[in-house]
Protein chains: 2
Amino acid sequence: MDIRALEALRAVRTHRGVTAAAAVLHVTPSAVSQQLSTLQRDVGVQLTERVGRGLRLTAAGDALADAAVDVAVALEKARAACETFLEHPGGRVSVSAFQSGAELLLPELLTRVRALGTIDLELLDEDVAQDDFVPLTDRVDVVIAHRPDGESASAGWAQSEPGRGLVVVPLFREPLDVAVPLDHPLAGRDAVRPEDVVGEDWIAVREGFPVAGVLAGVSSGTDRAPRVSQRINDFHVVAALVAAGHGVALLPRHTFGRHPAIRLLPLRGIRAARRVDVLMRRDRAERIVVRRVVDELIAMTAALDRG
Amino acid sequence: MDIRALEALRAVRTHRGVTAAAAVLHVTPSAVSQQLSTLQRDVGVQLTERVGRGLRLTAAGDALADAAVDVAVALEKARAACETFLEHPGGRVSVSAFQSGAELLLPELLTRVRALGTIDLELLDEDVAQDDFVPLTDRVDVVIAHRPDGESASAGWAQSEPGRGLVVVPLFREPLDVAVPLDHPLAGRDAVRPEDVVGEDWIAVREGFPVAGVLAGVSSGTDRAPRVSQRINDFHVVAALVAAGHGVALLPRHTFGRHPAIRLLPLRGIRAARRVDVLMRRDRAERIVVRRVVDELIAMTAALDRG
DNA sequence: ATCACGCTGTAGTGTTGCTGCATGGACATC
DNA sequence: GATGTCCATGCAGCAACACTACAGCGTGAT
């Protein structure tokens, strides 16, 4: 029973296919396919089944993939057991964050981790759809992700059920405020209610991306649906559009609270917020250096609302 | 980090040397040595150190070996997870027992396991010194071993501390009675006391073998040491010698209670007994078929004194 | 009907891990 | 103090394994 084959099985599950799995494992699909077949021959049970032109794990394959997580965790614990005898646990840790989270967190994180000494961080900004955060954990040690407030962590992140190989560490809750230009009629207000702003032209994020659904909550207290005039993912572009008077938008408070050309108005009456979490593969989370990095993130965000 | 290398590390620890480890792994010492060096290069910590002309694990190596046990257990759990989807979990299970235990248990065990169906047993009788039962678990799935009564399991079996990779399942406690020939002056008694028999000529087992120390307990209540005239390990030879009037001996009650030519006299006043345990490597114990076999052993001996 | 996509075999190749043997250090014996 | 034995380790050679490249085939989309 080969470790690499178990790894391949996990990858096929999370990425729903041999080809995608092969990509993250940096091998050809043929190699993954062969690993699966040898694994299958070894255990004597059907592990995968064709569905359409794709592939899916059987119940046995699913169980084995779950067990494979424990194997990977045990292996990483073994490595960690040795690292405790090293005076300077070094190594490379990759961290990815969605765009605005990266802006808010990564500079200070890099400063703090540099101060720790021997860990060298590899920062990435990955702007992906909501469903693609979890697969990212196969390529990146620490994934900083966000999701709409209100969902439970296990509902927000697929495969976060215990044993499924995902560790979720909540960092903070960040309110989403209504951004208006400085010369907007509401700009002088301390806060707004949904009915105050539901009639505006809205600039939203693309469908499928995190917090896209939050805007729908604005209309929940009213009888109208918000009118979305633009769909822009980059919050800085959104802010520039708002500043220029092309509409209003929901923007994260901590990242854009000090923007000079727009005004952020808290929403009263509904919970408009996103939650920022750290996602990790359970085995990666065992690495001491990874733990250190996450500890820094927790310390950095301790002052923020943990909600 | 290779599984086989971790396995090699464990073997080097239990067998105290590269050569002995290589023997149980069915490879050359050179291969084991190379596995250790690649493992060492991988983790970056010294794992072994020369001591005399031999080799010993460092603290780091010891910790890694402990962690390696968990890896092996996780791997075996993975295999077991697949086997639950198999309707007939089959496979080979090897069982070894010390000589008299084998005589008492193995015939019925074989009958019972045959009745279960697809498991094929590989029986072995291994008469080894007390310290050599634990290393046996590397070659045999289920080791039936015995030890003097009164010792705790962790004292009796090296490496049985939690995490050390050994599972101990107590089976039963078997009294050791004084065997005398039928025409012996004491043969009519229901029981004897140490002072009754301490002056006899004793036939004992060789030093270092299980229950060798129990005879010393006979003299504890008296001021004399028992006179050992012969040292014979095979209980049937011992019984024949006793029957021929060449001395008395301590023999296990359940195995020799019905011997026609000797009489077994319970010892009053001291606890003269041995304990029979099942020893397994933790990873081997995870196999479903191994569990089945052990369950049969437990059921077979349920009627005996579990002490 | 054609194309595109995805998984799976097969042949070829590069790497890996093992064996066999020689070396050097450590303990025991004479 | 010299010799022999035992044990771990390095090196060369070899065999087995795992991956890549490519072709084939089934499925779904255009």
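Predicted, not measured: the structure shown is a model, and the values here were computed from it. To find a chain, count down the sequence lines: A is the first, B the second, and so on, and within it residues start at 1. Basis for what follows: all heavy atoms, side chains included, without hydrogens, waters or symmetry-related copies.
Within the 3.5 Å criterion, the main-chain N or O of A:Arg56 finds no donor-acceptor partner in the side chain of A:Thr48. Side chain of A:Gln99 to backbone of A:Asp127: no donor-acceptor contact under 3.5 angstrom is found. A:Arg50 places no side-chain N or O within donor-acceptor distance of the main-chain N or O of A:Leu55, the cut-off being under 3.5 Å. Using a distance-only test at 3.5 Å, with no hydrogens or angles considered, no donor-acceptor pair links the side chain of A:Ser96 to the main chain of A:Asp125.
When the P atom of C:dG17 is taken as reference, atom CD of B:Glu7 falls 16 Å away, rounded to whole Å. Per the geometry, CD belonging to A:Gln46 stands 10 Å off P belonging to C:dT8, to the nearest Å. To the nearest angstrom, C1' of D:dT20 lies 14 Å from CZ of A:Arg4. Distance CD (A:Gln35) to P (C:dG9): 14 Å, rounded to an integer number of Å. With rounding to whole Å, B:Arg16 atom CZ is found 13 Å from D:dA8 atom P. Between the CG atom of B:Asp42 and the P atom of C:dG17 there is a distance of 11 Å, rounded to whole Å. The nearest whole Å value for the distance from the CG atom in A:Leu47 to the P atom in C:dT8 is 12 Å. The CZ-P distance, from A:Arg41 to D:dC17, rounds to 10 Å in whole Å.
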Would you list the protein and nucleotides 9-12 of chain D atom pairs, both N or O, that sit under 3.5 Å from each other?
| unit_1 | atom_1 | unit_2 | atom_2 | d |
| --- | --- | --- | --- | --- |
| D:dT9 | OP2 | B:Ser33 | OG | 3.0 |
| D:dT9 | O5' | B:Ser33 | OG | 3.3 |
| D:dG10 | O6 | B:Ser30 | OG | 3.0 |
| D:dC11 | N4 | B:Gln34 | NE2 | 3.2 |

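Here C:dC5 is the nucleotide among D:dC7, C:dC5, D:dC19 with the atom lying nearest to any side-chain atom of A:Arg53.
Comment: B:Arg287 engages B:Asp141 in a salt bridge, judged by a side-chain N to carboxylate O separation of less than 4.0 angstrom.
At the phosphate of C:dT19, OP1 or OP2 sits under 4.0 Å from a side-chain N or O atom of B:Thr28.
Where A:Val51 and A:Asp2 each meet DNA chain D at their nearest nucleotide, the meeting point lying more 5' is that of A:Asp2.
Looking only at atom types and distance, the side chain of B:Asp2 has no donor-acceptor partner in the side chain of B:Thr38 under 3.5 Å away. No donor-acceptor contact under 3.5 angstrom links the side chains of B:Thr14 and B:Arg281, judged on distance only.
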